[in-house]
Structures are given as structure tokens and as C-alpha cells.
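The structure appears below as C-alpha cells.
Naming: A, B, ... by sequence-line order, numbering from 1 per chain.
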2 protein chains.
Amino acid sequence: MVATSIDPVGKKDPKEEIMKAALKLFTEKGYFNTSIADIRQLADVSTGTIYHYFKNKEAIADALFEEVVHSLEDSIREIRKLSNTFERLRAIVELFFELAENEPEIMRFIVAVRHQEFLGNRPALSLSSPFQKLTQIMEEGIRTGELRRMDPLVASGVFYGTVARMVLLRLEGVLEKRLEWYLLDTWTAIWRALSP
Amino acid sequence: MVATSIDPVGKKDPKEEIMKAALKLFTEKGYFNTSIADIRQLADVSTGTIYHYFKNKEAIADALFEEVVHSLEDSIREIRKLSNTFERLRAIVELFFELAENEPEIMRFIVAVRHQEFLGNRPALSLSSPFQKLTQIMEEGIRTGELRRMDPLVASGVFYGTVARMVLLRLEGVLEKRLEWYLLDTWTAIWRALSP
DNA sequence: AGATTTCGATTGAATGCTCGATCTATTGGG
DNA sequence: CCCAATAGATCGAGCATTCAATCGAAATCT
């Protein structure tokens with residue numbers, strides 16, 4: 001009479017359960033190796049429920065993509081408020097490294113999933129707004145003399161390429177220590193590459 | 001009576017035609033979006049012929065992987081003969097940039113295909129022998145003092161991450177000029193990051 | 001309060017289709 | 001005459017999606 005649900009803690013919003021299960025499976029086995037039946041089982045819902053909340057399988061991936069991009073945008077927007085380019089870039093490295101340790105599935109979805117293969121018309125993540133914002137930070141840094149004169153696309157390529165590669169190596173189990181352990185070396189290398 | 005084939009030039013080795021078609025389709029649409037029928041059509045052979053030369057669809061991808069890795073190994077082996085670390089790393093950047101312009105499909109297969117999703121038990125390309133060789137070059141360079149003291153995995157992460165990212169940006173059409181145009185900036189950044 | 005209606009949420013069996021793989025038949029070069 | 005090579009029809013498993021039926025909690029009525 002008091003509680004609306006038997007389970008004292010879990011609200012079990014089905015939509016969230018479905019997305020959580022899909023994220024886990026998509027990043028673990030890949031989109032095409034994941035069947036609706038797999039998601040159904042892990043999320044502990046019926047087929048019908050899945051199709052009640054999502055138009056089809058692709059729409060689940062689409063919702064995940066949207067969510068991750070928005071969350072990244074928010075983080076980057078916050079980071080842009082920092083006072084100088086050094087702080088901004090360093091904060092982005094730390095954000096990615098921390099995410100990789102604490103939310104490996106989300107990070108895998110960002111750096112290791114080929115979205116174009118199943119998300120019909122989305123621009124590649126390489127062209128999505130967080131990446132554009134990164135290039136803007138580079139342009140600004142070069143303009144103010146905080147970064148060396150160079151093509152901004154090369155600057156963001158060096159930066160994102162390095163960070164994403166370190167994250168991937170960690171997610172694949174090549175790096176045995178936590179990413180914080182590699183932070184100093186990584187950041188030193190990046191800053192030497194970009195600073196004047 | 002003279003020629004063994006009607007076509008004056010093309011030998012049309014079916015196995016090669018199949019692999020060529022598969023490479024094109026796998027890199028363009030992805031492994032799972034490519035059907036045997038697609039390959040059959042593009043390679044202009046029958047289903048029976050495909051299964052005569054390959055056990056199954058996966059075996060085609062496997063053969064491609066093998067071929068690419070071997071060819072990469074050969075190139076890296078040659079490059080290791082160069083006299084110092086500077087020359088070696090620079091040669092690798094040039095190799096990747098040149099491959100991206102002249103053999104975009106092969107390059108896409110290297111940097112943009114998630115092999116683990118369909119090649120059962122292969123180690124990720126990140127762990128394959130060309131990548132290990134790269135890390136060895138880094139270790140050696142650090143030992144001889146040609147590179148700054150740092151974790152060799154970070155060194156190879158910075159290096160390969162940057163190169164692969166530039167290549168990918170080019171393949172995705174983000175970089176409008178040929179990669180040679182970005183070579184100087186890219187190499188300067190890499191060398192600043194790694195040199196003592 | 002109790003009975004009745006309503007409607008979104010949920011279920012899972014049924015459907016239909018794509019596609020990898022197989023199989024039998026035919027060909028033609030040595 | 002033999003056997004590798006080729007052809008293409010056929011099969012059947014797996015999978016995304018649909019659908020008719022049921023639930024259950026609130027809203028409305030008596």
C-alpha cells in the first residue's frame with residue numbers, strides 16, 4: 001500500500017534498462033552480433049516492450065549515440081570556460097582518461113564503435129560537434145599564441161589521436177596500469193607537440 | 001588459339017577478384033552489410049566459385065587480414081634497416097600517408113575496420129605484430145637516447161595514434177588536401193613529442 | 001466505497017524475410 | 001576420361017518486426 005513497487009530500490013525504468021543492456025552488448029560484441037533477443041534477456045523485458053519504446057534496433061543505437069554526444073558536449077562546454085588553452089586541453093585528457101576507467105562502456109562506444117555502419121545518415125563521430133569544438137579550441141590557442149603555429153586540424157589530430165589511442169590500448173587490455181599512471185608521460189608528449 | 005583467355009590483359013584469377021571485391025565492399029559498407037551476393041556480383045563469379053576458394057565469408061576477411069598484416073610487416077622490416085630512429089619513424093609516417101592516398105581501401109581496412117567483430121579469435125590489430133614492432137623501435141630509440149625517456153607504450157601510442165587519426169580524417173574527407181600537405185606539421189609535432 | 005471503464009504498458013508466440021551455406025549438375029582443359 | 005572449376009537453384013537457421021491478447025492502475029461512475 002505504501003510502496004508503488006515491490007523492489008525497495010530499483011525503479012526499473014524499462015527504457016533505461018534497455019539502453020543500458022544495449023550499450024553493454026553493442027560495445028562488447030558489436031551491433032551486428034547483438035540480437036534483440038540478447039537485449040531482451042539482459043534488460044529483462046519482453047520483445048514487445050522494446051518495440052514499445054523504440055521504433056527498431058537502430059533507434060536504440062541512435063538514442064545511445066545522442067545521449068553520449070550530448071553528455072560529451074556538456075563536458076566540453078564546461079571545460080571551455082577554463083582560463084587558458086593549457087588548462088583546457090589538460091582537462092580534456094583527464095576527462096577521457098577518467099571516463100575510460102569509470103565508464104569503460106561509454107568510452108568504448110566513443111572510440112571503438114563504427115557508428116556509420118549501422119546509423120544510416122549520421123555524420124561520423126569524427127565530424128560530430130564535440131570534435132568540432134576541439135578544433136575550435138585549437139584555433140583559438142594558435143591565434144592567441146598559446147599553441148605553436150600549425151594547421152589546427154593537425155593539432156586536433158595529434159591531440160585526439162593520441163588520447164583516443166591511449167584509451168583504446170587501455171580498454172583492449174594492452175596497458176596494464178590505470179591510465180592515471182600514463183597521464184604525465186602522455187600529457188608531456190602532447191604539450192611538447194603543441195606548445196610554441 | 002594463341003591466347004588462353006579472351007581478355008587481352010586481365011588474367012582474372014577468381015580468388016584475387018573475390019578478395020578485391022570483398023576488400024572494397026567490407027571497407028565501404030562494412031563486413032555485416034556485405035552479403036555473399038554482393039561479393040559474387042562485384043567479383044563477377046558464381047556462389048559456387050566463392051565457396052570453392054573460401055571455406056566461408058569469414059575466411060575471406062581472414063585472408064585479407066593476413067595479406068595486409070604481412071605486407072605491413074614487410075614494409076616495417078625494411079624500414080627497420082634504416083640507420084636511426086628519426087629516419088625510421090619518419091619513413092613510417094610517409095608510408096602510411098602514401099598508402100592512404102594510393103591504396104585507400106587497404107588503409108581503411110587497417111585503421112577503420114573493427115576486425116574483432118567478425119574475425120573470431122584474432123588478436124586486435126592493436127596487438128598484431130606490426131604494432132609490436134613499432135613499440136620495439138620506440139624501446140630501442142629510448143635506450144640509445146635518440147628519444148626522450150618515457151614509457152615506450154606511450155611513445156608508440158602518441159605516434160600511431162596521431163598518424164592513424166590523420167589518415168582517418170583524410171579517408172573521411174575531413175582533410176581536403178592530400179596528406180603530403182600536412183606531413184611537415186604532423187611530423188614536426190610527432191618529433192617534438194618524442195625527441196629528447 | 002465499490003463497481004466499471006479506459007488505455008497505456010507488457011507479453012510472447014507467430015510471421016516473413018534475408019542471407020550464408022550446401023548440393024547437384026555441367027563444363028572444359030590437360 | 002578425369003577432375004578441378006563453375007554455375008545457380010535450394011535450403012533452413014536466425015533474426016527483426018508485428019500483432020492480438022492480457023494486465024493493471026488510475027479515472028469515472030453509481
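Looking at residues two or more places apart in sequence or on another chain, you find no ring-ring contact (aromatic ring centres under 6.0 Å, His included) involving B:Phe54. Evaluation of the ring-ring contact (aromatic ring centres under 6.0 Å, His included) rule for B:Tyr53 yields no partner, not counting sequence neighbours.
For the ring-ring contact (aromatic ring centres under 6.0 Å, His included) condition, the pairs that include at least one residue of residues 169-188 of chain A, sequence neighbours left out, are A:Phe86-A:Trp187, A:Trp187-A:Trp191. Residue pairs meeting the side chain to side chain donor-acceptor pair (under 3.5 Å) criterion with at least one member in residues 66-75 of chain A, sequence neighbours excluded, are A:Glu66-A:Arg122, A:Glu73-A:Ser129, A:Asp74-A:Arg77.
Note: NZ (B:Lys15) to C1' (D:dA4) measures 14 Å, nearest angstrom.
No donor-acceptor pair closer than 3.5 Å links the side chain of A:Asp185 to the backbone N or O of B:Val154. Between the side chain of B:Glu101 and the main chain of B:Leu179, a donor-acceptor pair closer than 3.5 Å is present.
Ring planes of A:Phe118 and A:Tyr31: parallel class, angle under 30° (limits at 30 and 60°).
For A:Ser46, a side-chain nitrogen or oxygen approaches OP1 or OP2 of C:dT11 to under 4.0 Å. Phosphate contact (OP1/OP2 of C:dT10, side-chain N/O of A:Tyr53, threshold under 4.0 Å): present.
Of the residues in residues 23-30 of chain A, none has a non-hydrogen atom less than 4.0 angstrom from any atom of DNA chain D.
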Between the protein and nucleotides 19-28 of chain C, list the N/O to N/O atom pairs that are separated by less than 3.5 angstrom.
from   : atom 1 : to      : atom 2 : distance (Å)
C:dG20 : OP1    : B:Thr34 : O      : 3.4
C:dG20 : OP1    : B:Lys57 : NZ     : 3.1
C:dG20 : OP2    : B:Ile36 : N      : 2.7
C:dA21 : OP2    : B:Tyr51 : OH     : 3.1
C:dA21 : OP2    : B:Lys57 : N      : 3.0

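Relative to the side chain of B:His52, the nucleotides C:dT10, D:dA7, D:dA4 differ in distance, and D:dA4 lies closest.
Taking a cutoff of 4.0 Å between a charged side-chain nitrogen and a carboxylate oxygen, B:Glu146 and B:Arg88 do not qualify as a salt bridge.
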